[in-house]
2 protein chains.
Amino acid sequence: MDKAVVRDVLDKVRAEGRDALTAPEGKRVCDAYGIPTPREGLATTADEAAALAGEIGGPVACKIVSPGILHKTEAGGVIVGVEGADAVRDAFDKIIANAKAYDASAEVVGVQIQQMLSGGHEVIVGATTDPTFGKVVAFGLGGVLVEVLKDVTFRLAPVGTAEARSMIEGIRAAEVLRGVRGAEAVDFDALAGVIHRVSTLVTDFPEIREFDLNPVFATATGARAADVRILVHTGEVTEPVRPPREEILRVMDRMMNPRAVAVIGASDQEGKIGNSVMKNLINGGYAGKIYPINPKADEILGRTAYPAIGDVPGDVDVAVFAIPAKFVPSALAECGRKGVPAAVLIPSGFAETGNHELQEEIVAIGRRHGVRLLGPNIYGYYYTPQRLCATFCTPYDVRGGVALTSQSGGIGMAILGFSRTTKMGVSAIVGLGNKSDVDEDDLLTFFEQDDNTQCVAMHLEDLKDGRAFVEAAQRMTKKKPVIVLKAGRTALGARAAGSHTGALAGDDQVYDDILRQAGVVRAPGLNEMLEYARSLPLLPAPKGENVVIITGAGGSGVLLSDACVDNGLSLMDIPPDLDEAFRRFIPPFGAAGNPIDITGGEPPSTYEATIRLGLEDPRIHALILGYWHTIVTPPMVFAEVTARAVDQARAKGIDKPVVASLAGDTEVEKACEYLFDHGIVAYPYTTEKPVAVLGAKYRWARAAGLLT
Amino acid sequence: MDKAVVRDVLDKVRAEGRDALTAPEGKRVCDAYGIPTPREGLATTADEAAALAGEIGGPVACKIVSPGILHKTEAGGVIVGVEGADAVRDAFDKIIANAKAYDASAEVVGVQIQQMLSGGHEVIVGATTDPTFGKVVAFGLGGVLVEVLKDVTFRLAPVGTAEARSMIEGIRAAEVLRGVRGAEAVDFDALAGVIHRVSTLVTDFPEIREFDLNPVFATATGARAADVRILVHTGEVTEPVRPPREEILRVMDRMMNPRAVAVIGASDQEGKIGNSVMKNLINGGYAGKIYPINPKADEILGRTAYPAIGDVPGDVDVAVFAIPAKFVPSALAECGRKGVPAAVLIPSGFAETGNHELQEEIVAIGRRHGVRLLGPNIYGYYYTPQRLCATFCTPYDVRGGVALTSQSGGIGMAILGFSRTTKMGVSAIVGLGNKSDVDEDDLLTFFEQDDNTQCVAMHLEDLKDGRAFVEAAQRMTKKKPVIVLKAGRTALGARAAGSHTGALAGDDQVYDDILRQAGVVRAPGLNEMLEYARSLPLLPAPKGENVVIITGAGGSGVLLSDACVDNGLSLMDIPPDLDEAFRRFIPPFGAAGNPIDITGGEPPSTYEATIRLGLEDPRIHALILGYWHTIVTPPMVFAEVTARAVDQARAKGIDKPVVASLAGDTEVEKACEYLFDHGIVAYPYTTEKPVAVLGAKYRWARAAGLLT
């Protein structure tokens, strides 16, 4: 790929203050990056035109080349489908005559003689500059139908040819390109090559704002763009500020594992936020130093108070702000002078209320003094390994592997309530609020290397720097799942997000494709995010795609099968020997196959034997259990039998994901709790939830490369 | 529409034992029903051919007509795109020569000269005989893309032109037909006319098995089928047995409101089904007569026992069977002789275990003696208005307006557990099992006129008679919602259903379209079916499409907006005066518009004032509330304030659906219970569920014609 040529073209365009490339410039750029375009040449005489057409072969398009004529068709400067030397000569003469008649003063360079493409399928390859993610590359089928059906897919640029192939294979109408009704398949490698080259080009030259190949003719033997359109930025192109990873980690580690926390605006008065924060720090069991800052008190809740943070004798890692917004700037500057690396800004009254100036002011102060800001407009944060509860909400003490973050305080409260009622094991809950500084990628960078965190779940309405997020998420998902609830999925939701945070919500299709590219498990709604967060760390990673359903209720088996399809899971084709082995345990009228229907009237031993077989056969990778409440096998008996079988398998080193749907009277609720306590994800009165959780685990495992 | 012509054509085809019509026969049928086909004629000489082509105008297709030549193209018997008298003459001669060369012995009738259609859009109109629903009509766009994307829609035939238009407007690519990129819209009335006529034709002549117009050229001025293909049944065409409505009602009423119930196989022995059924009848509080039948006992649980049903002194309305399968036929015959109208067959061991003969035997006995059968292979049924608990499960006593049915026993148990834990008000729970006789349409016929039932929710894997179901559902949905969970939605699920009940699961697209046509609210999963059942009777019917979100948490507002789009709800465009009115109650940085974001720190009075305004302004038709747990407005205070506002509005005759999403700590769970008790559908930790319930209510209200 010849960067020098492109540099040369773009410099000229920018020097002339244009924001669009001419067709010949576009072709030079394409040629430099090996992007195939129609064979063509410039003719200055009718004979040259005929000769060129002869070399190109087949029908040609003839187009006027004149800097003064912008609307070629209007000027009669385009004749297409011309074939044969005489016809080409006639077309040349006619175009020159038309151009003169249209504008006698326009300089005429000549007539472009261009190969006309046809056959195969018309597709679109493009790239654009997304406000969230920067350069993204797009692929779709051309034509009015797909324009209507919006069958298009996006990736963060650049993409390798493998990722480019996944784009071609990922559109809904991919089957068309594979060849239907006896048609030949298009050349996927050639097409992937075009996508790859376009994505590399826009990455190499950030000033290319938009790039369109529309249409590209994809045939069995290649892919060639019939038309190219390139738009450039005329202004300065700036990249977001990204602190180096070590710097992020240094501050985030002091924020999460502080040796000293100061509370600015600490108070003795019940109901004040500065009082709640103090109480939560103390009652939560945080073992580090706690410094209340309050000029009007000597002691607060038994701790020595200081008039200002500068008066604190030792180092301070975190300053939690519980003072009105207008006092934040000066206190923040004091923190900076004291060398506090992290400020947790609970107060509201910044950008979310329209006060953008005040928010910009604190961001500038933080930058100047090297203080990272969490918030403002947040409930604070929890980090349970340190028993740290730096929030005005109530303490949370069930330690575990999930870190949760939310952009909205309301969603944060829902996280807390759900966690408490389900006894979810949590490492951290973090409010991000206005995200004036610290955002999701900073947190991901910390949680990635945090041994106390096994999984991260994030509620977000926008991303300040989508590319930094994707890079952090891609690193993390190699080891641990990242679950994202992206609010503002729909146009209405995005409108609401706009009025809420002033955030520019990206087009959801872009988010959806790129979050998937990042390996993120996207949750469709709040409840799913919470359930995935609760359950994913409990399940071991599956080692293959073979899922087996064992059910006592045929009716559940049908619904569980539906849910498997909905969640992209593959029901294993049971080989004959295994089928035979299952049949030994079930009644003659039970159905082996998959689902394995052990039928309703069976004793605990049937559940136990089939579950054991499912666990012990190495060809099976995950189990979905459908329990039916009967007198013969009551709910708690089923739960105990199942937990024992799973425990014993684990003792032998067999660790497969097991999920269960319990259909029965209210005792199944207790049985589900028991199963959850034993690492089996189990839900009552639903066949969808357990399968959705397993599906989420599989999506992560595939993204992490565990199932190739 | 000229039925005599079609009758004549079809009789001839049947008389000849053919199962397909020839092209000229197809054209006669189309002509008789006013379905436009290409202009055409038969030429026996080259000159006739040229003259015909001249009359038709434009390019023509020439096709050999010879009963002996089936594969016309292979025989060189088709030449298309012929234009001009000489060319037509040449084509005629060539076709005749080709035919002779291909098969010298074949009789040649002549050459068909046919108008070639082009322009506009190619669409498909067809009809087929679905095993579940009988005649269904289909519509889709033609072409390879739509074949791949499966963008096609179905309706039960016949359809009127309005329903036909809804098909055209209902496909995903409908925009194409409305005209994109400046193209003209096609003539929707003409196209709807074709669909209507096809649907009428196949209804008038049930022996037409399949009917295909592919393609139909739809243009701005009309719609004309280029090709017609008609297949007929060669055997006898039978219609399912459908008892008259009065007859169904007479038996169902005695089943649901019996004055005397006999238990065949009643027992004193703990753990026996015949013992559980007796106990449940007695302890459930059923006030009618209970007759235990057992040849070995004089008295069971304090009731006089009889050796056989024939020995019972008075009339018996229902016989509950709790005996092994093999004893069922003789006992059933006895019931018949006694004049018992309804048998509830709990035993398993029939079709579900492969014993189809035994099931056919009892069905025949039932028919012969006029006994309707519920089951076999069921848990029994509940009807709470009579405190009737004719099941081996435990009694259920929360009376209310929902009737639930399930094909599977496991799902029945999940219904029972969920009902109990949510205190759902239930009128009936009915097991349908193998559906050897009584099925969903019988139950719908009863529940439609049952004042104790306000809503029906049905789990089903198949329908024995889809058409009877649709007719019953269409009647019922005019008054009350019908919720359906159709299991076996996916290919895998349907396979599982196949192994479970031997039921032939219909193609889901057909089910989906026709259930919608019937006005049914389809639940995507078990939990949704249960939540809709619980909540729909609580909500009043909305009177218009204007939905307003009032939220304390901006973050919830975004997610609730997303959920509105997902569930087909329209956020109202708030007019300026109403916006102004809301603004008076909320802080200056709160966002009016919709969602109305009252912001997080507001006192109960702000929730109350905005909710009251939302209830009292007649332009608003439904409210979605987003609550954020704060110290200023704790969960129970929000619940009380909201319930009071809704109660007071109801007292004034204002009854709008109100749903709420509560984000907060665990106290929100109690607040949700309180709200449910006051007729407000409220869920903690989810923004999706309350909106999904409201969406379901809207789908019903639209189907019932309440929102036109």
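Naming convention: chains lettered A, B, ... in sequence-line order (proteins, then strands); numbering from 1 in each chain. Just so it is clear, the model here is predicted, and its values are computed rather than measured.
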CZ-OG1 distance between F392(B) and T630(A), expressed to the nearest 0.5 angstrom
9.0 Å
CG-CD1 distance between L559(A) and I411(B), expressed to the nearest 0.5 angstrom
5.0 Å
Listed partners of R420(B) passing salt bridge (Lys or Arg N to Asp or Glu O under 4.0 Å), at least two apart:
D665(A)
For chain B, which candidate among A183(A), A663(A), S419(A), S556(A) shows the most heavy-atom pairs at distances under 4.5 Å?
A663(A)
For chain A, find which of R172(B), E669(B), M529(B), M413(B) contributes the most heavy-atom pairs closer than 4.5 angstrom.
M413(B)
Chain A contact via T394(B) - which portion, at a heavy-atom distance below 4.5 Å
side chain
Of the listed residues (A174(B), P588(B), G354(B), A414(B)), which shares the most heavy-atom pairs with chain A below a 4.5 Å separation?
A414(B)
Would you confirm whether E688(A), through its side chain, and L526(B), through its main-chain N or O, come within 3.5 Å as a donor-acceptor pair?
yes
Specify the closest pair of heavy atoms between F418(A) and Y685(B), including all atoms of both residues, with the distance to one decimal.
N-CE2, 3.3 Å
Greatest number of non-hydrogen atom pairs under 4.5 angstrom with chain B, of T686(A), I631(A), T353(A), falls to T353(A)
Search all heavy atoms of A553(B) against all heavy atoms of G410(A) and return the closest pair with its distance.
CB-CA, 3.9 Å
Chain B contacts, top residue of I415(A), L416(A), T421(A) (heavy-atom pairs, under 4.5 Å):
T421(A)
If one checks every heavy atom of E667(B) against chain A at 4.5 Å, the contacting part turns out to be neither
For N527(A) and K689(B), what are the C-alpha separation, side-chain angles and deciding distance, and is it a side-chain contact (heavy atoms from CB on, under 4.5 Å)?
CA-CA 9 Å; N527(A) 194 253; K689(B) 251 184 205 181; 5.6 Å; no
So which of P587(A), G600(A), G525(A), S661(A) has the biggest tally of heavy-atom pairs under 4.5 Å with chain B?
G525(A)
T666(A) and G417(B): which non-hydrogen atoms are nearest, and at how many Å?
CG2-O, 3.5 Å
Which of the residues L530(A), V668(A), D566(A), L662(A) is involved in the greatest number of heavy-atom pairs with chain B at under 4.5 angstrom?
D566(A)
Structural part of I549(B) lying under 4.5 Å from a heavy atom of chain A
neither
CG of D562(B) to CG of D508(A): how many Å apart, nearest 0.5 Å?
8.0 Å
